[in-house]
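Have a look at the structure below before the remarks.
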Amino acid sequence: MRTHSLLLQTIIRSKSFTELHLSLSLSLSLPFPSMAVSFKMCASFGLFVGLMMLGLVSSAKFDELFQPGWAMDHFIYEGELLKLKLDNYSGAGFASKSKYLFGKVTMQIKLVEGDSAGTVTAYYMSSDGPNHNEFDFEFLGNTTGEPYLVQTNVYVNGVGNREQRMNLWFDPTKDFHSYSILWNQRQVVFLVDETPIRVHTNMEHKGIPFPKDQAMGVYSSIWNADDWATQGGLVKTDWSHAPFIASYKGFEIDACECPVSVAANEIADKCRSSGEKRFWWDEPTMSELSVHQSHQLVWVRANHLVYDYCTDIARFPVMPVECEHHHH
């Protein structure tokens, strides 16, 4: 039996009052290697002490969380590193073994180096069916020396068309960077190296649907999309530069796992805090960005946003209703 490891992290944050967050992650040798249990205890001075915080923290090993979806011969394994290959025969993709409702998903990705025009590397969460929900990161390749574009999109009940595009404040082909999706009942946050680049807020009180009752899988893939990916399809994939390689490591899922055995109408109750069952993503501090994060988002949008569907009058002569209310 392996030695159990106990990690104690103390984080002090300032909001309207001082809060002390004690996060205890206990990794156990379980009969199911894909699972580890995280207990998080949160204490706010003068308010409450010893509230148990639940979440599922899964191992960072690829094969414990994910499985190849297609083109297994285009997967390259180098220890903890996974590489997906795109050539003129095929791309490749993988999917999580489980589906989740609420929590946070993170991958560290190094994008295709050099001339990546025409290629797309996608990382997203999605449910199933025609009325599915989906949160997308799509990394749009470019010619050598030109910046990658990151396109995000949100589908709710099968309806997307909520694209935003931005460049990044670093070269994503030179090193690994973390890309995360944080999802709870109040908001969906897209993060790059823990900096928020987009927030989709729950505005059900305005009659706008919000994705909160369909469990979602986690997916990533690389494929040829030179009909639209680079400069609207003007720049095609140069196959003389193939294979195109996207590299991955640091797979983390801290979320509510939804086994197939759980009925669809029971999923929301399983993953919602109630009584002594508390999930970290339901805490008040998770319901909106902190002041610092809000400032980061404003900076990103001011300096790196190059397209926002909310301001595309040609596509949407009438502004989409959620754009009228979104602050971000």
Side-chain angles (χ1 to χ4, degrees), residues 2 25-39 54-86 90-109 121-129 132-138 155 176 178-184 188 190-191 211-223 246-272 279-281:
R2 293 177 298 189
S25 296
L26 181 61
S27 298
L28 304 174
S29 290
L30 296 174
F32 305 99
S34 65
M35 298 179 63
V37 181
S38 170
F39 297 95
L54 303 176
L56 171 69
V57 180
S58 294
S59 167
K61 291 185 178 181
F62 171 80
D63 59 357
E64 294 178 353
L65 293 174
F66 297 94
Q67 57 194 3
W70 49 288
M72 290 184 64
D73 59 344
H74 282 55
F75 283 67
I76 303 169
Y77 298 93
E78 297 179 358
E80 296 295 302
L81 199 65
L82 169 68
K83 295 181 178 181
L84 295 188
K85 179 173 67 173
L86 167 67
S90 179
F94 60 84
S96 60
K97 295 180 178 180
S98 297
K99 287 185 167 55
Y100 304 89
L101 186 71
F102 306 136
K104 186 178 181 182
V105 177
T106 298
M107 291 183 195
Q108 294 180 40
I109 306 173
T121 303
Y123 158 45
Y124 59 102
M125 297 184 70
S126 181
S127 58
D128 299 325
H132 75 293
N133 299 326
E134 186 174 329
F135 313 138
D136 293 341
F137 273 106
E138 290 180 309
Y155 285 74
F176 287 89
S178 67
Y179 302 91
S180 305
I181 299 169
L182 170 67
W183 174 33
N184 58 31
V188 180
F190 295 80
L191 303 112
K212 65 175 187 178
D213 56 5
Q214 297 182 41
M216 305 172 93
V218 184
Y219 304 88
S220 189
S221 57
I222 184 171
W223 79 92
S247 303
Y248 300 79
K249 67 178 183 178
F251 304 92
E252 297 178 12
I253 298 178
D254 188 348
C256 182
E257 187 177 21
C258 299
V260 177
S261 59
V262 177
N265 61 344
E266 298 175 356
I267 288 175
D269 289 337
K270 177 184 184 297
C271 299
R272 183 183 295 120
F279 293 106
W280 64 265
W281 51 81

Would you mind reporting whether [Y] and [X] have side-chain heavy atoms less than 4.5 Å apart?
{"X": "L82", "Y": "F251", "answer": "yes"}
{"X": "W281", "Y": "K104", "answer": "no"}
{"X": "F75", "Y": "L84", "answer": "yes"}
{"X": "D136", "Y": "Y155", "answer": "yes"}

Criterion side chain to side chain contact (heavy atoms under 4.5 Å, CB included) on W70 and S221, from CA distance to verdict | CA-CA 9 Å; W70 49 288; S221 57; 4.1 Å; yes
Heavy-atom donor-acceptor pair, S96 side chain to V218 backbone, under 3.5 Å = yes
Sequence neighbours excluded - salt bridge (Lys or Arg N to Asp or Glu O under 4.0 Å) pairs with any residue from residues 211-223 =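 Applying salt bridge (Lys or Arg N to Asp or Glu O under 4.0 Å) to every pair that reaches into residues 211-223, excluding sequence neighbours, yields E204-K212.
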Within residues 75-85 or reaching into it, pairs that qualify as salt bridge (Lys or Arg N to Asp or Glu O under 4.0 Å) - sequence neighbours excluded = E78-K83
Tell me, please, which residues at least two apart from Q214 pass side-chain hydrogen bond (donor to acceptor under 3.5 Å, both in side chains).
->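 Here the qualifying residues are S127.
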How would you list, by chain and number, every residue that makes a side-chain hydrogen bond (donor to acceptor under 3.5 Å, both in side chains) with S178, sequence neighbours excluded?
-> D193
Apply ring pair (Phe, Tyr, Trp, His ring centres under 6.0 Å) to [X] and list each qualifying residue two or more places apart in sequence or on a separate chain.
{"X": "H74", "result": "none"}
{"X": "F94", "result": "F62, F66, Y248"}
{"X": "F190", "result": "F137"}

Test disulfide bond (SG atoms under 2.5 Å apart) applied to C258 and C271, step by step | CA-CA 8 Å; C258 299; C271 299; 3.7 Å; no
Could you list the residues that satisfy salt bridge (charged side-chain N to carboxylate O under 4.0 Å, His left out) with [X], not counting sequence neighbours?
{"X": "K249", "result": "none"}
{"X": "D73", "result": "none"}
{"X": "D128", "result": "K99"}

Who pairs with S98 by side chain to side chain contact (heavy atoms under 4.5 Å, CB included), at least two apart in sequence or on another chain?
->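 S98 satisfies side chain to side chain contact (heavy atoms under 4.5 Å, CB included) with Y100, E257 only.
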Across all chains, not counting sequence neighbours, the side chain to side chain contact (heavy atoms under 4.5 Å, CB included) partners of Q67 are K97
What are the two closest non-hydrogen atoms of W183 and L101, and how far apart are they?
->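 That closest heavy-atom pairing would be CH2-CD1, 3.3 Å.
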